[in-house]
Every structure is written in structure tokens, then in C-alpha cells.
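Here is the naming used below: chain letters follow the sequence lines, and residue numbers restart at 1 for every chain. Keep in mind that the numbers below use all heavy atoms, side chains included, and drop hydrogens, waters and symmetry copies.
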2 protein chains.
Amino acid sequence: MKRDQSTLYAGMEAGGTKFICMVASGPDAVRAQISFPTTKPEETLGRAVSFFKGHEPFAALGIGTFGPCDLNPASPAYGCLSTSIKPGWKQADVLGAFRRAFDVPVGIDTDVNAAALGEYTWGAGQGLDMVLYLTVGTGIGGGGVINGRMMRGLFHPEMGHIRVPRISGDNSFSGVCPYHGDCLQGLASGPAMEARWGKPAAELPSDHPAWKMEAQYLALAVHNTICTLSPNRIILGGGVMHQDHLFPLIREQVGRLLNGYIQLPMILERIDEYIVPPALGDRAGVLGAVALARQTAEES
Amino acid sequence: MKRDQSTLYAGMEAGGTKFICMVASGPDAVRAQISFPTTKPEETLGRAVSFFKGHEPFAALGIGTFGPCDLNPASPAYGCLSTSIKPGWKQADVLGAFRRAFDVPVGIDTDVNAAALGEYTWGAGQGLDMVLYLTVGTGIGGGGVINGRMMRGLFHPEMGHIRVPRISGDNSFSGVCPYHGDCLQGLASGPAMEARWGKPAAELPSDHPAWKMEAQYLALAVHNTICTLSPNRIILGGGVMHQDHLFPLIREQVGRLLNGYIQLPMILERIDEYIVPPALGDRAGVLGAVALARQTAEES
């Protein structure tokens with residue numbers, strides 16, 4: 001297939017709560033889009049296949065999936081989830097359904113790596129050597145694009161599971177992560193907020209003390225990420241980050257944690273350009289999957 | 001200059017305690033080497049220049065320096081230290097002395113990124129997509145090589161300054177980092193061990209409780225690094241890691257922290273191949289500087 005700027009690609013963001021499917025050539029050229037709740041694997045994946053079948057042809061398909069997922073092409077479990085926390089999805093073969101159904105290259109990576117690629121391609125990360133994307137919602141996850149490539153190594157990033165110190169006074173809450181209890185996700189994900197404060201985060205007023213604590217935990221994550229990776233920009237997305245008032249709180253706490261150690265204008269004077277929401281909003285993930293499809297087509 | 005496998009390069013590891021200078025074409029072909037204590041900047045840098053002057057010609061020079069250091073070629077402070085903890089070295093122009101003295105390309109990066117490059121080129125990281133190097137000594141630092149490139153972004157990694165939870169029972173020690181108090185370096189560097197236990201780490205017997213605690217802190221750092229970056233291998237070097245008995249303790253604690261979340265044989269069955277000492281030993285840093293010189297020559 002001849003490819004140009006108008007070539008269509010299929011992208012799917014497979015989340016633990018919902019799936020979003022899109023056929024597009026870019027953010028301003030979306031041919032079709034659908035979203036539906038994540039139910040059982042067979043039903044949910046089948047629904048995505050049907051949607052894409054109705055919108056052929058496209059040059060390639062990209063999948064940004066929740067995880068953990070086996071991303072090693074040499075592994076027999078390539079494209080399958082492993083220890084998913086989502087009931088019924090352990091070992092689900094996310095990639096297989098699409099490889100069998102479509103005769104185009106299919107690429108897969110994590111939902112957060114895809115979101116980072118989306119922002120790198122069309123959003124807040126354009127032209128940067130290292131773009132980091134943290135999502136805070138049902139879970140906490142991180143991904144990134146380094147020199148144009150999504151972050152991969154032995155596995156893929158699982159940033160929600162880093163351990164951070166307890167915020168002063170927060171000693172009794174045991175955390176909600178079934179694997180680690182009080183890892184970052186256990187202390188600061190949406191479900192952690194709901195368990196800690198007795199109601200969904202979205203229902204807590206903006207002057208509730210929950211938000212300062214949430215900002216303190218997320219600032220610890222951002223601080224550790226800066227020290228570990230030194231990204232050129234950090235993008236914070238996901239449902240919890242819809243609370244815009246979190247951004248100034250997080251930036252202030254990050255400055256306090258760094259405490260003048262990194263003497264750069266971007267940190268000291270322009271931190272509001274450094275820690276930002278996704279320019280693509282909630283479409284970062286699915287558009288990133290479209291960008292992954294394009295990258296997959298170019299390499300195959 | 002025609003370059004081949006026998007081409008000579010100059011490498012310098014500029015540490016806060018000592019400098020190591022080498023002229024070599026690789027680990028098995030070292031022409032000359034010297035090491036001397038880090039005193040005042042002018043004296044120490046002058047000594048290095050003199051050594052290299054006596055061993056010309058070489059095709060390029062590579063510097064792996066302690067930091068923080070400005071590594072942005074577009075910055076007026078390129079190659080200068082910024083907020084160094086070492087007295088007298090704040091704003092020292094490490095790169096300038098060599099650029100003025102030698103008519104060859106000069107590359108600079110952090111000492112730990114250089115060590116990672118050394119291991120990637122000739123040691124325990126050969127052929128791997130993502131190699132991480134953590135050094136534990138006078139300070140704690142981290143660096144890495146991702147797809148053949150040293151880790152850079154807005155700045156360079158400063159992994160010693162991540163925040164980790166306190167080990168159970170370790171509540172009274174305030175930490176020795178002048179910027180952050182109880183960051184990782186503040187709690188687990190060589191000087192932190194000495195301050196905590198009243199004698200240098202090297203004098204503590206291997207059954208002293210200090211070592212279990214040290215392993216627990218370093219395991220937290222390794223765990224967070226795995227979750228953030230998912231490297232293909234983690235190399236632990238530096239003076240404190242000369243205590244070989246730390247390795248099994250750290251591996252055990254990392255397994256405990258991950259708690260089965262990452263279902264890979266490399267983690268579950270072969271963690272002794274995953275968390276390893278540098279194959280180049282204490283020469284990783286200076287040989288990495290030689291490798292950096294070679295990379296600089298190839299790109300200029």
C-alpha cells in the first residue's frame with residue numbers, strides 16, 4: 001500500500017475500564033472512533049475486531065494495552081497479558097485476535113508508552129529527546145519515548161509500583177495494591193483515594209485535604225522520575241489528573257523536593273512548562289496507538 | 001587520523017575522591033594509566049592535562065565526571081559542574097581545560113553514564129538494549145545506555161537523590177545529603193553508613209546489621225529502577241559494592257519487593273545474572289571514558 005499523510009491506520013487503546021478504537025491518519029483526520037466498557041476478553045476483543053472490520057482498509061494496526069503484557073516478540077506469550085489485576089484477563093491474548101483477523105502489520109505496546117508516543121508525535125512532546133507520560137486513574141502507570149523509541153528493556157515500565165516514602169501523618173492506610181500494598185499505585189491511584197476517603201475522588205471538593213496529599217504522592221513520583229531519567233518534559237494524564245488544581249500543587253511539591261539541587265531555568269522558573277497535561281487530552285492513548293500503527297507500518 | 005582497532009583514545013574518570021586517566025584502545029590494550037587524589041580544580045585538572053600531554057597522539061578524549069554537570073552543548077556553562085557537593089568544585093570548568101589543551105574532539109558525560117557505556121562496550125552490558133549502572137560509594141549515582149546512547153534528557157540522571165521509604169526501625173537517622181537529608185544517597189552512601197554506624201563501612205564486619213539495612217535500601221533503589229526503566233541488566237559498582245556479600249542480600253530483597261508481579265525467568269530464576277557487579281571492575285568508569293572518546297571521534 002502506498003503511504004502518505006492521508007494513509008489510514010487503526011489504533012486501539014485497551015484499558016482496564018474501557019476500550020477506545022479509532023481509524024485515523026492523525027488527530028485532525030479521524031475517520032471513525034468508538035469506545036465501550038471492558039468486559040470479558042473474548043467479548044471485548046471481538047467487539048474491537050468487528051469495529052475495525054467495518055472500517056477497512058488501513059495500513060497497519062497499533063495496540064496500546066493495559067498490563068503487564070509480554071512485549072517480547074520471541075516469547076510464546078507475545079502480546080498476552082501476564083499478571084493482570086483485572087479479573088478474567090490474566091493471560092488474555094490481546095494481540096492474537098487482531099493478528100488472526102487482519103492481514104496488516106500489528107504493533108503492540110503498553111497503553112502508557114502509546115500515550116507517550118501520541119504526545120511525542122502530535123502533542124506536548126514533539127521534538128524532545130525524552131518524553132515521559134504518567135497516567136493516574138484506576139491504576140498508575142508510566143511510559144516514555146526516548147530518542148523516538150518507546151521505552152522497553154527486559155520488560156516495560158511499571159512505574160505505578162515504585163515505592164515512595166509515606167507522607168507525614170499518613171501511617172494507617174495500608175494501600176490497595178494486591179501485589180505490594182503501599183506502592184505508589186496502592187497509595188495514590190483513584191481506587192486508593194476512594195478507599196482512603198470513603199468516596200470517589202471525583203466527588204471530593206477541591207479544598208479537601210485529599211488533594212494536597214495526592215499532590216504530595218504524585219510529586220514524589222515525578223521527583224523520582226526526574227532523578228532517574230531526567231526527561232525533557234513530564235506529561236500527567238488519566239482520570240485523576242482531570243482535577244486541574246492538582247497541577248500547581250504538584251509543581252510546588254516537586255520544587256520543594258528537588259530543593260535547588262538541579263539549577264536549570266526549566267525547573268526553577270518554568271516548571272509550568274515542564275510538568276504539563278497531555279496536549280491531546282484523553283485521546284493521547286488511542287492516538288498513540290495510531291502512531292504506533294504508523295511506526296509499525298514503516299518498519300515492516 | 002585513520003582509525004582502527006588499535007587507535008588510541010584518552011579517557012578520564014573525574015571523581016570526587018580521585019581522578020583516573022588512561023590512554024588505551026580497549027581494556028586489553030592500555031598504553032598508560034595514572035590515578036591521583038582530587039584536590040583543587042586547577043591543580044587536579046592540570047595534572048590530568050600534563051599526563052595526557054605526555055601520551056599524545058590520541059584520536060579523541062572522553063571525560064566521565066562527577067556532577068551535577070551541565071551537559072548541554074548549547075549552554076554557556078557546558079562542561080562545568082553546577083551544584084557540586086565537593087568543596088571548591090562548584091562551577092568548575094572540567095571540559096574547558098581539555099578543549100584548550102588538545103586539538104582533538106572532547107566528549108563529556110557523567111562518571112556513571114560513562115561506566116554504563118564501558119560495561120555496554122566491553123563488559124556486562126554487551127548487546128543489551130538497556131543497561132543500567134548504579135554506583136554506591138562516596139555518593140550514589142546512576143547512569144545508563146539505552147539503544148547505544150547514554151541517558152540524557154533535560155539533564156542527566158541523578159539517581160542517588162530519589163526518595164525511598166524508611167526501612168522498618170530506621171527512624172532516627174536524619175541522613176547526610178546536604179540538599180535532601182534522607183534521599184537514597186543521604187541514607188545509604190558510604191558517608192551515610194559511616195555517620196550511622198560510627199565507623200567506615202569497610203571496617204564493619206560482614207555479619208554486622210548495617211549490611212542487611214544497606215541491602216534493603218539498595219534493593220528499594222533497584223526495585224524502583226526496574227519499575228521505572230525495566231533495564232535488561234543492572235550493574236552495581238562503587239566502593240561499597242566491594243562487599244560481595246551484599247549481592248545475594250540485595251537480590252533477595254528485590255525479589256521480596258517485586259513479590260511475583262513480574263513473571264519473567266530473569267527475575268524469578270536467574271536474578272543472579274540480572275543484578276551483577278561490573279565485569280570491568282573498578283575500571284568501568286575510565287574505560288567508559290575511553291569508549292566515550294571513541295564514540296565522540298566517530299561522530300565528529
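When the candidates A:L128, A:D129, A:L257, A:N259 are compared by the number of heavy-atom contacts under 4.5 Å with chain B, A:L257 comes out ahead. Ranked by heavy-atom pairs shorter than 4.5 Å toward chain A, the options B:I146, B:L184, B:L264 are led by B:L264. Most heavy-atom pairs under 4.5 Å with chain B: of the set A:M130, A:E158, A:R149, this distinction falls to A:E158. Between chain B and the residues A:H180, A:M151, A:Q263, the largest count of heavy-atom pairs under 4.5 Å involves A:H180.
Using a 4.5 Å cut-off between heavy atoms, B:D182 makes no contact with chain A at all. For B:L229, the parts lying near chain A are the backbone and the side chain together; criterion is any non-hydrogen pair under 4.5 Å. Contact of B:P68 with chain A is made through backbone and side chain together, with heavy-atom distances under 4.5 Å.
At least one side-chain heavy atom of A:Y274 sits less than 4.5 Å from a side-chain heavy atom of B:L154. No side-chain heavy atom of A:N224 sits under 4.5 Å from any side-chain heavy atom of B:T228.
Residue A:I162 comes nearest to B:C227 through the heavy atom pair CG2-CB, 3.8 Å, listed as atom of the first residue, atom of the second, then distance. Counting all heavy atoms, side chain and backbone alike, B:S230 lies closest to A:F155 at OG-N, 2.6 Å.
Summarising the geometry, atom CG belonging to B:L258 is positioned 10.0 Å from atom NE2 belonging to A:H161; distances are rounded to the nearest 0.5 Å.
Panel note: side chain A:R163, backbone B:H223; no donor-acceptor pair is recorded below 3.5 Å.
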